[in-house]
Number of protein chains: 2
Amino acid sequence: MSTSAPTSRREQILKQAARLFAERGFHGVGVDEIGAAVGISGPGLYRHFAGKDAMLAELLVGISGRLLTGGRRCVAEADGSADELLDALIEGHIDFALDDRPLITLHDRELDRLRDTDRRLVRQLQRQYVELWVEAVRKVYPQLAEPEARATVHAVFGLLNSTPHLGRSGTLPGRRATAALLHRLARGAFDAASA
Amino acid sequence: MSTSAPTSRREQILKQAARLFAERGFHGVGVDEIGAAVGISGPGLYRHFAGKDAMLAELLVGISGRLLTGGRRCVAEADGSADELLDALIEGHIDFALDDRPLITLHDRELDRLRDTDRRLVRQLQRQYVELWVEAVRKVYPQLAEPEARATVHAVFGLLNSTPHLGRSGTLPGRRATAALLHRLARGAFDAASA
DNA sequence: CCCGCCTGTTAATGACCGTTAACACCGCCT
DNA sequence: AGGCGGTGTTAACGGTCATTAACAGGCGGG
């Protein structure tokens, strides 16, 4: 729908699996449902994935990796001030949260359902992403101690990742306004952290 | 361990069930595990609860109700300024988040695993709690439109409820410092919302 | 003393579910 | 034409799991 491509079967399955996992939890959805969501049924999925676990692993590793890659691109392209870097990080994270709500939900909800090796990998990617933020934040707010900075970054993630919960009642006018609001809230939180 | 009491079997079971559900998800934990966590085994739980669903229902209705009750007490006791009311709400929510992490986790994670009637009840309680906050926020920031206020409240909930994710690495010195930091972050976000 | 009630136990049941087996179609390449 | 890899299908297996059945000890009140 966005960049689009041939949209291979794998991607189609992953997308639907992400949606279902986010809606009903990893253990709450059966392979038959995932299959039905893409028009094939049940065990046909095993032509594309080694198993249900493999789908979740690929989803979580994928989102973690893309977040980190996006963050690193921000750092690399940040020729300007530290302030601009932090803004770029916030904007990038908001884009992820708004475009891939199911993945954001999975990201901090079903991590423990992974095999040890995959879980370690995801955690490592997450940790690097957090460190990247902490560094950027402490450049903008040098008086902020590291533990406080780290806790604040986690809290701001919680704030930005709240978008899945906004789906209920009368939400905001549009995506642009929501992104702008979230951006302001995040900056406000960081400002307040260093008071 | 904290207020303590006779700590009836029911309460003991609920506490352990909350912890396990938060750790591994509702479908991820079996009744045998819950039983083992309180020293009895497996089907003995059915002397205290109608079923696994009933435990989750009681947990979610309980936390939603207590949040709402706490919020209402803040409103009732707020003889002072609107500012003080908002601070009291924030403090109350932080206390919940820090004292009952598993319940906070469950609260926005396993809601969809409930029977229709229970889910409706929990959602209604949650909605009233949010409305209570929105009203308080708009008293402090009158220029803030209602949709923005509601979205901001949800986002701040995400921020405050991020505490479960802080358990990993080097966290903050103590509970008091964490609570103070979260309080500042929340106020900072609200300040920024009305800019 | 003894009868219920409360609270446990273990064994069995029945459903669900992930995974594999066995089979089939279809399009492409030689 | 023929074979083969990719993609499906349905049926069967095996394990897990919530729930129920059947049974038993303890203990307080008549």
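These values consider heavy atoms only, across backbone and side chains, with no hydrogens, waters or symmetry-generated copies. This structure is a prediction, so every number in the text was calculated from the model and none was measured. Chain letters run A, B, ... following the sequence lines, proteins first, then strands; residues in each count from 1.
Among the protein residues, A:Gly51 comes within range of the sugar-phosphate backbone only, with heavy atoms under 4.0 Å from sugar or phosphate atoms but none that close to a base. Residue A:Val29 is in sugar-phosphate contact alone, with no base atom involved, counting any heavy-atom pair closer than 4.0 Å across all strands shown. Residue B:Gly30 is in sugar-phosphate contact alone, with no base atom involved, counting any heavy-atom pair closer than 4.0 Å across all strands shown.
Distance, A:Arg10 CZ to D:dG6 P: 13 Å, rounded to whole Å. For the pair B:Phe49 CZ and D:dA18 P, the computed distance is 15 Å after rounding to whole Å. Atom P of nucleotide D:dT7 and atom CG of A:Leu45 are separated by 13 Å, given to the nearest angstrom. Atom pair A:Asp32:CG and D:dA12:C1' shows a separation of 14 Å (rounding to whole Å applied). The separation between B:Arg113 atom CZ and D:dA18 atom P is 15 Å, rounded to whole Å. Rounded to a whole Å, the CZ atom of A:Phe26 is 12 Å from the C1' atom of C:dC17. The distance from atom CZ of B:Arg115 to atom C1' of D:dA18 is 15 Å, rounded to the nearest whole Å. Regarding B:His27, its NE2 atom lies at a distance of 12 Å from the C1' atom of D:dC17, rounded to whole Å.
Which of C:dG18, D:dA18, D:dT10 sits closest to the side chain of B:Val31 comes down to D:dA18. Of the candidates D:dT19, C:dT19, D:dT9, the closest approach to any side-chain atom of A:Ile40 belongs to D:dT9. Here the nucleotide nearest the side chain of B:Tyr46, chosen from C:dT20, C:dT9, D:dT19, is D:dT19.
A donor-acceptor pair is defined here as one N or O able to donate and one able to accept, closer than 3.5 Å; no such pair exists between the side chain of B:Arg101 and the backbone of B:Ala22.
A donor-acceptor contact under 3.5 Å is not formed by the side chain of A:Arg47 with the base of D:dG6.
No side-chain donor-acceptor contact under 3.5 Å links A:Arg123 and A:Gln126.
For B:Arg9 and C:dG8, the shortest distance from a side-chain N or O to OP1 or OP2 is below 4.0 Å. Of the side-chain N and O atoms in A:His48, one or more sit less than 4.0 angstrom from OP1 or OP2 of D:dG8.
Going from atom NE2 of B:His154 over to atom CG of A:Leu166 covers 6.5 Å, rounded to the nearest 0.5 Å.
Between A:Arg119 and A:Leu60, the closest side-chain pair of non-hydrogen atoms is not below 4.5 Å. In this structure the side chain of A:Pro147 never reaches within 4.5 angstrom of the side chain of A:Arg150, judged on heavy atoms.
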